[in-house]
A.B. asks: 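Below: one structure in structure tokens.
Order of the sequence lines sets the chain letters (A, B, ...), proteins ahead of strands, with each chain counted from 1.
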There are 2 protein chains.
Amino acid sequence: MSKTLIKNIGSILAAFSGDVRKVSGKKMKNLPGVDDAFVLIEGAKIRYTGQMKNAPETAEQVIDAKRGFVLPAFCDSHTHLVYAGSREQEFRDRVMGLSYEEIARRGGGILNSVKRLHKISEQQLYEESLPRVHEIINQGTGAVEIKSGYGLNTADELKMLRVIRRLKESTPLTVRATFLGAHAFPAGYKNDPDSYVDLIISEMIPVVAGEGLADFIDVFCDRGFFTPDQTARILEAGMKHGLQPKIHANELDFSGGVQVGVQHHALSVDHLEYVGDEEISVLKNSNTIPVALPGASFFLGLPYAPARKMMDSGLPLAIASDFNPGSSPSGNMKLMMSLACTHMRMLPEEALIASTLNGAYAMGISDELGSIVPGKKANLIITKPIPSLAYIPYAYGSDIIYKVMIEGREV
Amino acid sequence: MSKTLIKNIGSILAAFSGDVRKVSGKKMKNLPGVDDAFVLIEGAKIRYTGQMKNAPETAEQVIDAKRGFVLPAFCDSHTHLVYAGSREQEFRDRVMGLSYEEIARRGGGILNSVKRLHKISEQQLYEESLPRVHEIINQGTGAVEIKSGYGLNTADELKMLRVIRRLKESTPLTVRATFLGAHAFPAGYKNDPDSYVDLIISEMIPVVAGEGLADFIDVFCDRGFFTPDQTARILEAGMKHGLQPKIHANELDFSGGVQVGVQHHALSVDHLEYVGDEEISVLKNSNTIPVALPGASFFLGLPYAPARKMMDSGLPLAIASDFNPGSSPSGNMKLMMSLACTHMRMLPEEALIASTLNGAYAMGISDELGSIVPGKKANLIITKPIPSLAYIPYAYGSDIIYKVMIEGREV
């Protein structure tokens with residue numbers, strides 16, 4: 001296998017030992033690294049790392065990092081980046097004073113994306129989503145979770161999931177797919193929500209799982225969306241078909257979402273703008289990781305998840321972009337790190353761990369991604385020369401990326 | 001003179017008529033434009049614009065905009081981008097819970113930059129600042145104001161102003177220089193602030209003006225900094241030497257800064273986090289433009305200027321980046337537009353006018369920059385294909401720039 005040497009690295013970050021799958025609480029303040037270093041890549045994987053004085057003399061390919069830092073490519077564990085059409089008109093409406101809920105009542109919001117998605121072909125949807133995947137790769141993302149949920153009927157949900165599969169097959173990105181038929185109630189089911197739950201359970205889940213189109217099952221468990229009981233039914237049906245729970249919870253209220261997620265061994269519970277002592281206590285006795293989505297709080301001007309409190313209570317934490325056309329039209333994870341530091345009081349070390357190793361954990365792939373360890377995939381960011389890790393979130397409007405490598409290759 | 005044709009433009013934005021020098025109040029909601037258009041550039045200037053069907057057949061150089069939009073390059077009227085060393089360590093301290101004022105008391109803040117600036121040579125300072133100028137050009141800025149104010153003694157203030165002059169001479173950017181000796185009180189003058197005011201007036205202003213190093217005189221008029229009386233003395237001395245007032249006001253309190261600025265016919269009063277009915281009324285009867293700095297509010301997690309209220313009261317408004325190492329380490333004006341829309345309830349049209357024509361007015365250069373009008377400098381942004389103006393601030397983490405042109409040349 002071909003060898004690539006990255007030499008003259010100012011500092012390698014997130015060089016956790018290989019068996020660390022996630023980092024919790026106070027440990028998130030510490031980021032193991034190697035100064036004045038090299039990385040040797042063999043094929044798609046990291047072969048070994050060390051100090052420059054011990055670097056191999058040569059390799060088939062040599063990249064001079066010019067004293068830039070090397071960090072794991074971002075692991076963005078929560079996106080809806082397969083969608084049809086941007087929704088900047090609703091953004092205008094919101095600036096003019098309409099709330100997100102009012103915009104939804106006027107035919108905007110998720111159901112607006114549902115209408116648009118229904119109208120376009122699978123091919124068009126693929127072509128529209130592909131540039132977004134290339135954009136996030138160029139912004140340093142090496143692994144991403146993508147959800148369905150703008151279909152809300154069997155055919156359209158399958159259309160989305162097939163596009164996610166094509167994106168996985170046609171790009172070097174590591175992709176995990178989530179079935180989110182329970183993203184909202186379609187217009188026709190407003191007065192009979194349980195029938196939609198029945199449809200998800202009896203029709204959608206079997207065909208999605210049968211075609212192997214999803215890794216995870218997700219439900220938007222919140223005030224005005226799916227109740228904890230409906231959520232439990234859907235998660236149980238998904239689990240029977242081999243889909244692991246990973247849910248939206250507590251964005252709009254103390255909705256019981258965290259509790260129902262943990263009860264069903266969800267890999268992650270995401271959003272968490274409304275989290276108190278009870279939710280934290282439930283999470284502490286679980287393997288479920290909380291995921292904060294600072295981009296949505298920023299873009300909607302809403303409260304942020306209490307990240308500091310969760311970490312200070314000993315919990316692990318991931319951050320993700322929530323890339324979607326309504327509440328967070330960006331997948332820029334470096335900017336999410338800035339938001340985490342400026343608005344959730346996360347240290348730069350915590351924000352980096354939350355965006356890499358803990359993000360990988362939230363996708364069930366932290367055995368192969370999220371830290372710089374021999375044997376893991378060589379999904380890496382090489383930065384421009386920077387004075388420190390803290391400079392990355394500090395320079396909040398700057399592009400600090402020199403090169404992105406996915407599976408050992410420059411993109 | 002060589003002619004350049006930009007063809008296949010989806011929409012030209014900010015095509016105000018040539019005598020519009022600034023836009024105020026409700027008029028900021030309307031952005032004149034031309035759809036399906038071309039721009040013809042002759043030498044450094046816009047020669048004429050029109051619809052594609054009337055475009056000249058050819059020119060020495062032809063640029064295909066591929067349906068992207070053309071807008072004026074940003075006019076960033078308030079920066080401190082000449083500085084020595086980043087201050088991400090203070091950013092860490094702030095995340096850990098220290099206030100900006102506490103950090104200043106510990107030797108951080110402006111006086112930290114003053115110490116660092118004192119130690120480095122003019123040549124080093126130039127070399128460190130030049131990449132920041134190139135960065136903002138690549139982010140679409142075509143004109144910028146840069147302040148001194150990390151010297152706080154005659155020699156170091158001159159060092160900064162000479163670097164600003166070198167940046168002006170060595171880059172294609174339109175640069176305006178501001179003397180801000182009154183940025184803070186140097187350590188030795190804590191107990192005798194009036195003596196520092198005397199030094200500024202008797203020594204600094206004459207030599208700065210004598211060497212022709214500054215266009216504007218600035219004072220940080222606020223609680224804990226310069227009083228309105230001290231500000232008045234400095235502004236009057238500056239005006240006697242031909243420097244036009246343009247001041248920092250009301251960032252920390254209702255400090256009287258707006259009033260003293262308007263009394264002295266300041267071109268702009270900047271920051272304005274604390275602005276009430278009285279300040280608005282004073283501004284209404286003046287030619288002084290208020291300038292909001294959303295990057296500083298974002299980065300420090302502090303209140304934003306009441307932009308909506310000012311515009312609804314009929315005032316004009318500019319936004320600027322405040323690019324500086326402490327409170328806003330970015331000059332990314334496209335991101336400032338996103339902050340203006342998401343956090344100050346500005347419409348995309350208002351945010352664009354505030355970042356271009358009104359920014360040019362706040363630098364006294366709106367006769368030659370800030371809108372797309374025959375005879376003005378051809379400082380332009382050509383965007384990637386985008387569906388609408390609103391998409392620019394909406395896609396808050398995306399790079400929407402296809403090309404930047406400064407004085408008719410691609411950069």
A.B. asks: Who pairs with A/Asp64 by side-chain contact (heavy atoms from CB on, under 4.5 Å), at least two apart in sequence or on another chain?
C.D. replies: A/Lys7, A/Asn8, A/Lys66

A.B. asks: Tell me which of these, A/Gly301, A/Gly331, A/Ser398, A/Ala395, has more heavy-atom pairs under 4.5 Å with chain B than the rest.
C.D. replies: A/Ser398

A.B. asks: Please classify the contact of A/Asp399 with chain B as side chain, backbone, both or neither, using a heavy-atom distance under 4.5 Å.
C.D. replies: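 It is the backbone, since no side chain atom gets that close.
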
A.B. asks: Counting heavy-atom pairs closer than 4.5 Å to chain B, which one of A/Leu339, A/Ile136, A/Leu347, A/Asn138 comes out on top?
C.D. replies: A/Leu347

A.B. asks: Do any of residues 75-91 of chain B have a heavy atom less than 4.5 Å from a heavy atom of chain A, and if so, which, in residue order?
C.D. replies: B/Ser86, B/Arg87, B/Glu88, B/Phe91

A.B. asks: Which residue pairs satisfy the ring pair (Phe, Tyr, Trp, His ring centres under 6.0 Å) criterion with at least one member in residues 307-347 of chain A, sequence neighbours excluded?
C.D. replies: A/Tyr304-A/His343, A/His343-B/Phe298

A.B. asks: Residue by residue, which of residues 381-391 of chain B have a heavy atom closer than 4.5 Å to a heavy atom belonging to chain A?
C.D. replies: B/Pro387, B/Ser388, B/Ala390, B/Tyr391

A.B. asks: Could you have a look at A/Arg92, A/Met336, A/Lys334, A/Glu349 and say which one has the most heavy-atom pairs with chain B under 4.5 angstrom?
C.D. replies: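 Highest number of heavy-atom pairs under 4.5 Å: A/Arg92.
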
A.B. asks: Determine, for A/Arg345 against A/Glu350, whether the closest basic-nitrogen to carboxylate-oxygen distance falls under 4.0 angstrom.
C.D. replies: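 Salt bridge between A/Arg345 and A/Glu350, a charged N being under 4.0 Å from a carboxylate O: no.
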
A.B. asks: Would you find a donor on one side and an acceptor on the other, under 3.5 Å apart, between the side chain of A/Ser328 and the backbone of A/Ser321?
C.D. replies: yes

A.B. asks: Could you give the distance from OH (B/Tyr394) to OG1 (B/Thr342), rounded to the nearest 0.5 Å?
C.D. replies: 13.5 Å

A.B. asks: Please look at A/Leu335 and chain B and tell me whether the side chain, the backbone, both or neither of the residue comes under 4.5 angstrom of a heavy atom of that chain.
C.D. replies: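 The side chain, not the backbone.
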
A.B. asks: Going from CG on A/Asn112 to CG on A/Leu117, what distance comes out if it is rounded to the nearest 0.5 angstrom?
C.D. replies: 11.5 Å

A.B. asks: Give a yes or no on whether the backbone of A/Val23 and the side-chain of A/Asn358 come within a donor-acceptor separation of less than 3.5 Å.
C.D. replies: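 At least one qualifying donor-acceptor pair exists.
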
A.B. asks: With a 4.5 angstrom heavy-atom cut-off, could you sort out which part of A/Met96 is near chain B: side chain, backbone, both or neither?
C.D. replies: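 For A/Met96, the contact with chain B is made by backbone and side chain together.
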
A.B. asks: Please report the interatomic distance CG(B/Leu173) to CD1(B/Ile137), rounded to the nearest 0.5 Å.
C.D. replies: 4.5 Å

A.B. asks: Counting only heavy atoms not in B/Arg106, do more than 12 sit closer than 6.0 Å to its CZ atom?
C.D. replies: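 Counting neighbours around CZ of B/Arg106, 12 or fewer heavy atoms of other residues, nucleotides or ligands fall under 6.0 Å, so no.
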
A.B. asks: If you compare all heavy atoms of A/Ala292 against all heavy atoms of A/Ala305, which two are closest, and at what distance to 0.1 Å?
C.D. replies: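 Taking A/Ala292 first and A/Ala305 second, the nearest heavy atoms are CB-CB, 4.0 Å.
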
A.B. asks: Testing the basics here: between B/Met311 and B/Leu317, what is the closest heavy-atom pair and its distance to 0.1 Å?
C.D. replies: CG-CB, 4.1 Å

A.B. asks: What distance separates A/Leu300 CG from A/Ile103 CD1, expressed to the nearest 0.5 Å?
C.D. replies: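 That separation rounds to 8.5 Å.
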
